[in-house]
2 protein chains.
Amino acid sequence: MSRQNQTFKAAVNSALASFGALAPGAELGSEAELAAKLSISRTTARNVLAHLVQLGVVEWEGRRKTLLRAPCPEDRFPPEDVALPAELAERQLQEWILRTDLPPGSQIHESELARQLDIPVALVRDLLQNFRVSGLIEKNPNKHWTFRGFTREYATEMCDMRELIERAAIRQLIADPEHPSLPRMAEMERLHIALLARDDAAMTEFPALDARFHRIICQAADNRFFDEFAHRISIIVHYHYQWNKRDETARNRAAIREHLAVIRAVLSGRGEDALAAFDHHLATARTTLLASVNWG
Amino acid sequence: MSRQNQTFKAAVNSALASFGALAPGAELGSEAELAAKLSISRTTARNVLAHLVQLGVVEWEGRRKTLLRAPCPEDRFPPEDVALPAELAERQLQEWILRTDLPPGSQIHESELARQLDIPVALVRDLLQNFRVSGLIEKNPNKHWTFRGFTREYATEMCDMRELIERAAIRQLIADPEHPSLPRMAEMERLHIALLARDDAAMTEFPALDARFHRIICQAADNRFFDEFAHRISIIVHYHYQWNKRDETARNRAAIREHLAVIRAVLSGRGEDALAAFDHHLATARTTLLASVNWG
DNA sequence: TTACGGTTTTTTATAAATAAAATACCTTTA
DNA sequence: TAAAGGTATTTTATTTATAAAAAACCGTAA
């Protein structure tokens, strides 16, 4: 069926949202301006305008485009129409692989997965190929894929690599008192303190904060290979949080305190302390991760 | 046109080659045995047998398969028929990107590349997506790819990552006197001494040896993420050797001596010396790589 | 009764088709 | 005359089609 018009639909929604600031009767600027504002081509911008005319939200006569009425929720496309099928399917696939708890060595068939997720095989193929970099699956040429498993070895190898990278990154961060990442560390301090003050139920917000913390550390090195690895790993770590629920809130509170120790040492320029605190945090993070391994 | 039968053709060639050890009149074993020996399915093995019958090389009657005559060169399929189109195209694409000397920021269009390399766009897309991990290109959604360029930044980031990994790997290598990679290091010593004894013309063989040396170091850590990165990088380094021809033979001889210093220190258990020698080699390798940067 | 061969079904690799979206080109109008 | 709109062309994203290759199934003979 070829392409669906997600870009168009997303642009319509985004245009409608931007009209909230305007009063009916306002003029809308040129097609090129609209295209630039929505980060789309002028072709799509024109399609959006045409659609808005059909909705009765806009009047369009030559180069005069007038807002007729404030947009209402019914004008918007539903969110599931807006998401790109590829991105939607990517999350579905990750869910499937990481939550099905397959034993190591399991066969993964493109065609079977395509049926289960109700997406074309070609897309499954693309997604698996992309996911391969995570180190969790491998291809048998002319045959199926194999799930290598979230094993003790995998977790160890991942932690080794991660510690190597993040230690190098934090060394760069503490070496430069003017480092551009420092303001974001200050912001992190506030967020950590705020979360620590809240009740146990709020601890569900920790995984996202943890991901941001490690990402900021990584980005301090300004190295594309660090970022690439960190991104891949964050997906795995994200799922790991859903496997190991034992002592969850206690662990999370402890981790927040460990983060804070690192952040405060970094911000106050105590380099050695920061390194020591960070090493300590990496050690507990490794223990936590290994505790969530089900296989081997 | 769908799939071509490369697997079949490669299997025929491989079967013919294995017949060199047999005398005419010899019996050939079961279909399953043949399939296992050639690492193909029984289906393809049967097709191979049928083809060999047509060639008059084999007689096949029920479960009796007899070699009629020694295979001759004409029986074999030409090498270009045997290579997988995807692998062929992958090398073509790498050649194109890394030898065209595009300025950083250049647009790369899937369709244009498909025309130039005479392969379907879908394949170009796959290959570019795969090559993305090298950090040299990036995708603009709904638009073209951008060549980020083999710049000073790129080379620096690559070296930073490489040194991090290889230092960690060699530390593991020297920490264990029974390390399984040590025999391969001994083999490496022989190869390096042999190459050093030969004339300048033989120095063209150094890049391949260099790649093997660094690969063995990497593999000593037994970490899939290390290997993955090392593999990606080896492709880039391979091309870099073709850009920087100045003082080539002198540089290569010096590098061989540096390798030897590392290898000997490792083999004789002088850990500190090995680390120092390796650091020294990494420093010159970095200098060499940066000297071949044409942009920025 | 089990290993083997014949046959059918499933799955993968590749190519081609199609609509969306971007870009380029040309015309118009303020 | 320059910026905007209209139109045509190119390129990308996605689906579908097809043959090769693998795997499963089943009957048969040593």
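Numbered from 1 within each chain, the chains take letters A, B, ... in sequence-line order.
- Between the CZ atom of A:F8 and the CG atom of A:N5 there is a distance of 6.0 Å, given to the nearest 0.5 Å.
- Summary of helix geometry: the two end axes of the helix from C:dT1-D:dA30 to C:dA30-D:dT1, each defined by five base pairs via their C1' atoms, are inclined to each other by 20° (rounded to 10°).
- Among residues two or more places apart in sequence or in another chain, the salt bridge (Lys or Arg N to Asp or Glu O under 4.0 Å) test is passed with B:R69 by B:D75.
- Note: CD1 (A:I40) to P (D:dT12) measures 19 Å, nearest angstrom.
- Around the CD atom of B:E80, the shell of radius 6.0 Å holds more than 12 heavy atoms that belong to other residues, nucleotides or ligands.
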Item to check | From CA spacing to verdict: side-chain contact (heavy atoms from CB on, under 4.5 Å), A:W96, A:L102 | outcome: CA-CA 10 Å; A:W96 188 89; A:L102 296 167; 4.0 Å; yes
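- For DNA chain C, the residues of residues 5-19 of chain A within the heavy-atom distance limit of 4.0 Å (strictly under) are A:N5, A:Q6, A:T7, A:F8, sorted by number.
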Checklist entry - Would B:N130 and A:N130 count as a side-chain contact (heavy atoms from CB on, under 4.5 Å) if you check the C-alpha gap in whole Å, the side-chain angles of each, and the deciding distance to 0.1 Å? => result CA-CA 8 Å; B:N130 191 248; A:N130 191 248; over 6 Å; no
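- One finds no side-chain N or O of A:S2 lying less than 4.0 angstrom from the OP1 or OP2 phosphate oxygen of D:dT16.
- Checked against salt bridge (Lys or Arg N to Asp or Glu O under 4.0 Å), B:E59 has no partners two or more places apart in sequence or in another chain.
- Summarising the geometry, the separation between NE2 on A:H109 and P on D:dA22 is reported as 14 Å, rounded to the nearest angstrom.
- Rounded to an integer number of Å, the gap from B:E27 CD to D:dA30 P is 14 Å.
- Contact check of residues 89-103 of chain B against DNA chain D (heavy atom, cut-off under 4.0 Å) returns no residues at all.
- Residues passing the salt bridge (Lys or Arg N to Asp or Glu O under 4.0 Å) test with A:R132, sequence neighbours excluded: B:E228.
- Judged as a side chain to side chain donor-acceptor pair (under 3.5 Å), the pairs with a partner in residues 16-41 of chain A (not counting sequence neighbours) are, in order, A:E31-A:R42, A:E31-A:R46, A:S41-A:T44.
- A search for salt bridge (Lys or Arg N to Asp or Glu O under 4.0 Å) contacts involving B:D81 returns B:K9, not counting sequence neighbours.
- Straight-line distance from the NZ atom of A:K143 to the C1' atom of C:dT10: 15 Å, rounded to whole Å.
- Remark: aromatic rings of B:F226 and B:H231 are distant, center separation not under 6.0 Å.
- Separating the CD1 atom in B:I97 from the CD1 atom in B:I137 is a distance of 5.0 Å, to the nearest 0.5 Å.
- At C:dA22, one or more side-chain N or O atoms of A:S41 fall inside 4.0 Å of OP1 or OP2 (strictly under the cut-off).
- Pairs of residues two or more places apart, or lying in two chains, never qualify as side chain to side chain donor-acceptor pair (under 3.5 Å) while including a residue from residues 120-129 of chain A.
- Of the residues in residues 114-132 of chain B, B:R115, B:R125 come within less than 4.0 Å of DNA chain D through at least one heavy atom, sorted by number.
- Taking the nucleotide of DNA chain C with the nearest heavy atom to each of B:P141 and A:N140, the more 5' of the two is matched to A:N140.
- Counting only residues at least two apart or in different chains, salt bridge (Lys or Arg N to Asp or Glu O under 4.0 Å) contacts with residues 82-98 of chain B comprise B:E95-B:R99.
- Separation of atoms CZ (B:F131) and CG (B:L136) is listed at 5.0 Å; rounding is to 0.5 Å.
- Classified by interplanar angle (parallel below 30°, tilted 30° to 60°, perpendicular above 60°), the ring pair B:F150/B:Y154 is tilted.
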Item to check | Nucleic acid footprint by protein, nucleotides 1-8 of chain D - heavy-atom cut-off 4.0 Å, B for base, S for sugar-phosphate alone | outcome: ---BBBB-
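- Straight-line distance from the NE2 atom of B:H144 to the P atom of D:dA13: 11 Å, rounded to whole Å.
- The separation between A:E112 atom CD and C:dT11 atom C1' is 11 Å, rounded to whole Å.
- Per the geometry, CZ belonging to B:R3 stands 8 Å off C1' belonging to C:dT14, to the nearest Å.
- Counting heavy atoms of neighbouring residues, nucleotides and ligands inside a 6.0 Å radius, atom CZ of A:R215 does not exceed 12 of them.
- Following rounding to the nearest Å, A:D81 (CG) and C:dA20 (P) show an atom-to-atom distance of 14 Å.
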